[in-house]
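Read through the structure below, which is laid out as structure tokens, and then see the notes.
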Amino acid sequence: MNIGSFKLVNGQLLGSVATLTVDLPRLGLRPVESANEKAPAFEIMALNVARKWVQIGALWEMTSNSTGEVFYNGRMEDPSLNEPLPVMLFGDDEDGYRMVWNRPQARRENMDGSRQTRQRRTKADEAFGEGNATEDGQLAGADEDYVPAF
């Protein structure tokens, strides 16, 4: 889902992000200069209510395995957010960039930390199983659910 856009303005990448509950009308992407190969490519900066630029996230350069396209992956974080906002940035300096968000998939792990594998459904799994109604449509064991008055 597209949630924002950035354009090169006077040599700086400026843009905004808006969702139903997040409205960041003034953002900047500040390039990070570092010899560390694990350093992010950009810091995500926001103009706060006091009109000061504050860092709210970072983006790391990635390359798509399937297309070879370069994109940026990271997240925005702030105490005002319920949880970090995972984001990706696609595009280029000439045409601009679009920021997208995807809901992270829950990781399924076993107790030992190994990843859980998907099990194939069988025909029996698609059935409703045993019901809780009698042949005449009455609730089976209905009298067991009766809670007596004290």
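By convention here, the first residue in the shown sequence is residue 1. Everything numeric here is computed off the predicted structure, so don't read it as measured data.
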Original post:
Would a hydrophobic clustering, with Ile, Leu, Val, Met, Phe, Trp and Tyr connected at side-chain separations under 4.5 Å, put Phe71 with Leu8?
Top reply: no

Subject >> Same cluster (ILVMFWY, side-chain, under 4.5 Å), Phe42 and Val9 >> reply: no

**OP:** Consider only side-chain heavy atoms of I, L, V, M, F, W and Y, link residues closer than 4.5 Å, and tell whether Leu47 and Val17 are in one cluster.
**Re:** no

Original post:
How many angstroms lie between CD in Glu83 and CG in Asp78, if you round to the nearest 0.5 Å?
Top reply: 13.5 Å

**OP:** Write down the atom of Pro25, the atom of Ser16, and the distance for their closest heavy-atom approach.
**Re:** O-CB, 3.5 Å

Subject >> Closest non-hydrogen atom pair, Thr63 against Gly68 >> reply: CG2-O, 3.5 Å

Original post:
Are Tyr97 and Phe90 an aromatic pair by the rule of ring centers under 6.0 Å?
Top reply: no

Original post:
Measuring from Met45:CE to Trp53:CH2, what's the distance to the nearest 0.5 Å?
Top reply: 8.0 Å

Original post:
Is there a side-chain contact between Met76 and Met99, using heavy atoms and a 4.5 Å cut-off?
Top reply: yes

Original post:
Side chain of Gln12, backbone of Leu14: donor and acceptor closer than 3.5 Å?
Top reply: no

**OP:** Find the distance between CG (Asp92) and CD (Glu69) and round it off to the nearest 0.5 Å.
**Re:** 9.5 Å

Original post:
What's the shortest heavy-atom distance between Glu43 and Val32, and which atoms?
Top reply: CG-CG2, 3.5 Å

Subject >> Steps toward side-chain contact (heavy atoms from CB on, under 4.5 Å) verdict (Glu61, Val70) >> reply: CA-CA 7 Å; Glu61 185 174 309; Val70 172; 3.6 Å; yes

Original post:
How far apart are the closest heavy atoms of Arg75 and Pro86, and which atoms are they?
Top reply: CB-CA, 4.0 Å

Original post:
Rounded to the nearest 0.5 Å, how far apart are CZ of Phe6 and CG of Leu59?
Top reply: 8.0 Å

**OP:** Any chance you could measure Lys7, atom NZ, to Leu13, atom CG, to the nearest 0.5 Å?
**Re:** 11.0 Å

Subject >> Same apolar cluster (I L V M F W Y, side chains within < 4.5 Å links), Met62/Met88 >> reply: yes

**OP:** Can you establish whether the number of heavy atoms outside Asn36 located under 6.0 Å from its atom CG is more than 12?
**Re:** yes

Subject >> Validation row: Val22, Ile3 side chains within 4.5 angstrom (heavy atoms) >> reply: no

Subject >> Distance in Å, Thr21 OG1 paired with Leu85 CG, rounded so as to fall on 0.5 Å steps >> reply: 8.5 Å

Original post:
Are any of the side-chain heavy atoms of Val87 and Leu89 separated by less than 4.5 Å?
Top reply: no

Subject >> Flag, side chain of Trp60 to backbone of Gly74, donor-acceptor distance under 3.5 Å >> reply: no

